[in-house]
Amino acid sequence: MSYVLPPPAPATVPVAGGGEFPVHRIYCVGRNYADHAVEMGFSGREPPFFFMKPADAVLPVAEGQTGQMAYPPLTANLHHEIELVVAIGRGGAGIKAADAAGHIWGYAVGLDMTRRDLQNEMKKQGRPWSIGKGFDQSAPIGPLVPIQRSGELLEGAITLTVNGAVKQKGDLAELIWSVNETIEQLSAAWTLQPGDLIFTGTPSGVGAVVRGDVMEGAIAGLGSLEVAVR
């Protein structure tokens, strides 16, 4: 095939133990912990809703390294959101929750970084809020751990510190919509593909970071992700 422009290098995420995972799409679940839904002005187990980030929004951070995230333009209110990330290894449409684990390649610690002021302004105007969620480096992510190594993650602590102070703390068991239920819902709307990433939601405690701050997210069984804002 003859390209009229050089094709960009594919977005990838490092794999624990070696190798790279090619990213196809990034799906994100909104308000998937009850305490976070409350802090955002909502409550209850509402039907799941989704938004997307570009594949190249990933900021891959290798094991033992500190990611360097540039403070994005147009915002004065950059928020952290720690999340379990699920990587799809076998695609499909209409996947049932009971079968979903068989489609998971692995898991990682991720951050859904948000330009909260821009997101809130778009919400007020009833407009899409991609500008608040889908900017460059808005999806820092640590190494993917294969499910064969981690086992299926149904519970476990999820935490985030900023400069050593705990800001977010929860448990994967507190997800309103479980990982398997989320995969069922997503695959009813899109045909999932190998290489898809799913950011599964964040517990309460989201807040702003500024230049010079260092965020460290951790999930039981997956290790940690450290990112400095510059």
Side-chain angles (χ1 to χ4, degrees), residues 9 11-17 19-23 26-30 32-33 36 51-87 106-119 130-145 150 153 156-170 172 197-230:
T12 63
V13 172
V15 172
E20 295 287 327
F21 183 89
V23 180
I26 301 175
Y27 299 96
C28 304
V29 188
N32 203 24
Y33 285 80
H36 174 58
F51 58 92
M52 299 178 72
K53 294 176 182 273
D56 62 1
V58 292
L59 174 60
V61 181
E63 192 169 5
Q65 301 296 310
T66 298
Q68 301 295 316
M69 178 185 180
Y71 195 93
L74 302 179
T75 185
N77 196 18
L78 176 66
H79 276 210
H80 56 73
E81 298 189 14
I82 180 68
E83 308 205 5
L84 171 69
V85 180
V86 177
Y107 305 94
V109 183
L111 287 166
D112 168 19
M113 301 302 294
T114 303
R115 296 193 279 204
R116 191 72 73 199
D117 44 1
L118 300 185
Q119 181 194 32
S130 296
I131 193 170
K133 288 287 192 178
F135 53 93
D136 297 341
Q137 298 186 329
S138 63
I141 184 171
L144 280 167
V145 177
S150 67
L153 295 184
I158 175 171
T159 60
L160 181 91
T161 64
V162 178
N163 303 326
V166 176
K167 299 297 184 180
Q168 293 185 260
K169 186 176 182 180
L172 300 179
L197 299 178
I198 305 169
F199 281 65
T200 58
T202 194
S204 64
V206 300
V209 290
V210 298
R211 289 180 179 88
D213 283 347
V214 177
M215 302 172 286
E216 184 173 3
I219 297 176
L222 298 180
S224 61
L225 164 67
E226 186 170 279
V227 178
V229 183
R230 55 179 175 82

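Note that the structure is predicted; figures quoted are calculated from it, not measured.
- Side-chain contact between Val227 and Gln137: absent, with no pair of heavy atoms (C-beta onward) separated by less than 4.5 Å.
- When all heavy atoms are compared, the tightest approach of Leu144 to Ala108 is CD2-CB, 3.6 Å.
- Side-chain contact check for Arg116 versus Val206: some heavy-atom pair is nearer than 4.5 Å.
- Distance check, rounded to the nearest 0.5 Å: CG of Leu118 to CZ of Phe135 gives 8.5 Å.
- Rounded to the nearest 0.5 Å, atoms CG (Asn77) and CD (Gln119) are 10.0 Å apart.
- When all heavy atoms of Asn32 and Thr200 are compared, the closest pair comes out as ND2-O, 2.9 Å.
- Taking OG1 of Thr66 as the reference point, atom CD of Glu226 lies at 3.5 Å (rounded to 0.5 Å).
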Apply side chain to side chain contact (heavy atoms under 4.5 Å, CB included) to residues Met69 and Leu78 and explain how you reach the verdict.
CA-CA 11 Å; Met69 178 185 180; Leu78 176 66; 4.2 Å; yes
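- Test Leu222, Leu197, Val13, Ile219 against Val85 for side-chain contact (heavy atoms from CB on, under 4.5 Å) and you get one pass: Leu197.
- To the nearest 0.5 Å, atom CG of residue Leu59 and atom CG of residue Asp136 are 10.5 Å apart.
- Within 6.0 Å of atom CG in Asn163, more than 12 heavy atoms from other residues, nucleotides or ligands are found, so the atom counts as buried in its surroundings.
- The number of heavy-atom neighbours closer than 6.0 Å to CD of Glu63, taken from other residues, nucleotides and ligands shown, is 12 or below.
- By the 4.5 Å heavy-atom criterion applied to side chains, Pro60 and Gln65 are not counted as neighbours.
- The shortest non-hydrogen separation linking Pro143 to Val61 is CD-O, 3.3 Å.
- A donor-acceptor pair under 3.5 Å links the side-chain atoms of Gln168 to the main chain of Ile82, judged by distance alone.
- With values rounded to the nearest 0.5 angstrom, Ile158 atom CD1 is found 5.5 Å from Leu172 atom CG.
- Pro72 is listed as a side-chain neighbour of Arg115, based on a closest heavy-atom distance under 4.5 Å.
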Worked verdict on Thr202 versus Glu81 for side chain to side chain donor-acceptor pair (under 3.5 Å)
CA-CA 6 Å; Thr202 194; Glu81 298 189 14; 4.9 Å; no
If you apply the rule side chain to side chain donor-acceptor pair (under 3.5 Å), what do you find for Lys169 with Thr159, and how did you get there?
CA-CA 4 Å; Lys169 186 176 182 180; Thr159 60; over 6 Å; no
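- Once rounded to the nearest 0.5 Å, the distance linking NE2 of His79 with CG of Leu111 reads 13.5 Å.
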Would you sort out whether Val29 and Ile198 count as a side chain to side chain contact (heavy atoms under 4.5 Å, CB included), showing the intermediate values?
CA-CA 8 Å; Val29 188; Ile198 305 169; 4.3 Å; yes
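- A donor-acceptor distance shorter than 3.5 angstrom exists from the side chain of Tyr107 to the backbone of Leu153, with no hydrogens or angles considered.
- Two residues are said to be in side-chain contact when any heavy atoms from C-beta on lie closer than 4.5 Å; Lys53 and Asp112 meet this criterion.
- When all heavy atoms of Val214 and Ala228 are compared, the closest pair comes out as CG2-CB, 4.1 Å.
- Between Pro140 and Met113 the shortest heavy-atom distance is CD-CG, 3.8 Å.
- Between the Ser138 side chain and the Lys133 main chain, a donor and an acceptor come within less than 3.5 Å of each other.
- For the pair Gly134 and Pro54, the tightest heavy-atom approach, listed with the atom from each and the gap, is O-CD, 3.4 Å.
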